[in-house]
Amino acid sequence: MNNISVLYSEEELALSVKKLGAEITEEYKGKKLLVVCVLKGAFVFTADLVRSIDNDMQIAFITAKSYVCTSSTGNVSISGDHDFMGLDLREWDVLLVEDILDTGRTLCELKKKFASMGAPSVKIAVMLDKPSRRVADITPDFKCYEIEDKFVVGCGLDYDERYRNLPFIGIVSE
Ligand code: IMP
Ligand code: MG
């Protein structure tokens, strides 16, 4: 078992997610909102966030993978629900929901994909932003916290598939 120290407690995070949900509610008033949860990591954040957004919406899922253990492989593979329940993406404002924005490769690929399907807007909501690691030209439109270059786990984030179930965000030390 690795040592894990708490970076953001369950209570802190819950408040931050509520605030973000209120911001997103304002942004998408009167629009057709399609929330796209980027699996696996964003499943916890998405579940919490959508319950804090007071708008009509639909929710879709897509799988993207770029990490093995604690290293970004540089290759992003995308799989999952590609026909988005038959929706015509030209009618939907897309909000990509991701656990963490790191190098930015994953969200850059996903943003391009949804823009190419004709979505009038494609925005990004993340629980955590690690700007010091960025290689792609991308910034989050909505975020809970900006963090230093530390490897974090919990609330969906894993270390080699472990710790996704932790109710807080923690920093792993070997
Ligand atoms: P990006 O394409 O480099 O921005 O990668 C984003 C993905 O890398 C996230 O969806 C996470 O799955 C993973 N990732 C990046 N940093 C961390 C971390 O500190 N802990 C756990 N997963 C991470
Ligand atoms: Mg992920």
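Computed from a predicted structure; not experimentally measured. First listed ligand is number 1; within each ligand, the first listed atom is number 1.
Residue contacts with ligand 1, taken as heavy atom pairs separated by less than 4.0 Å, involve Leu157 solely via side-chain atoms from C-beta onward. The proximity of Arg133 to ligand 1, defined as any non-hydrogen pair under 4.0 Å, does not occur for either the backbone or the side chain.
Residue Gly104 places a heavy atom less than 4.0 Å from ligand 1. The shell of residues lying under 4.0 angstrom from ligand 1, judged by heavy atoms, excludes Val153. Residue contacts with ligand 1 leave out Lys40, since none of its heavy atoms falls under 4.0 Å from the ligand. Within the structure, the closest approach of Glu109 to ligand 1 does not fall below 4.0 Å when heavy atoms are considered.
Lys150 meets the salt bridge (Lys or Arg N to Asp or Glu O under 4.0 Å) test with Glu148; sequence neighbours excluded. Here Lys143 pairs with Asp129, Glu146 under the salt bridge (Lys or Arg N to Asp or Glu O under 4.0 Å) rule; sequence neighbours left out.
Two different hydrophobic clusters hold Leu128 and Val135 under the rule that ILVMFWY side chains link at heavy-atom gaps under 4.5 Å.
A ring-centre distance under 6.0 Å is not found for Tyr8 and Phe168.
Summarising the contacts of atom 9 (C) of ligand 1 with Leu128, Asp99, Asp102, Leu110, the nearest heavy atom is found in Asp99.
Side-chain contact check for Leu39 versus Ile62: every heavy-atom pair is 4.5 Å or farther apart.
Close N/O approach between Val152 and ligand 1 is found [any backbone or side-chain N/O within under 3.5 Å].
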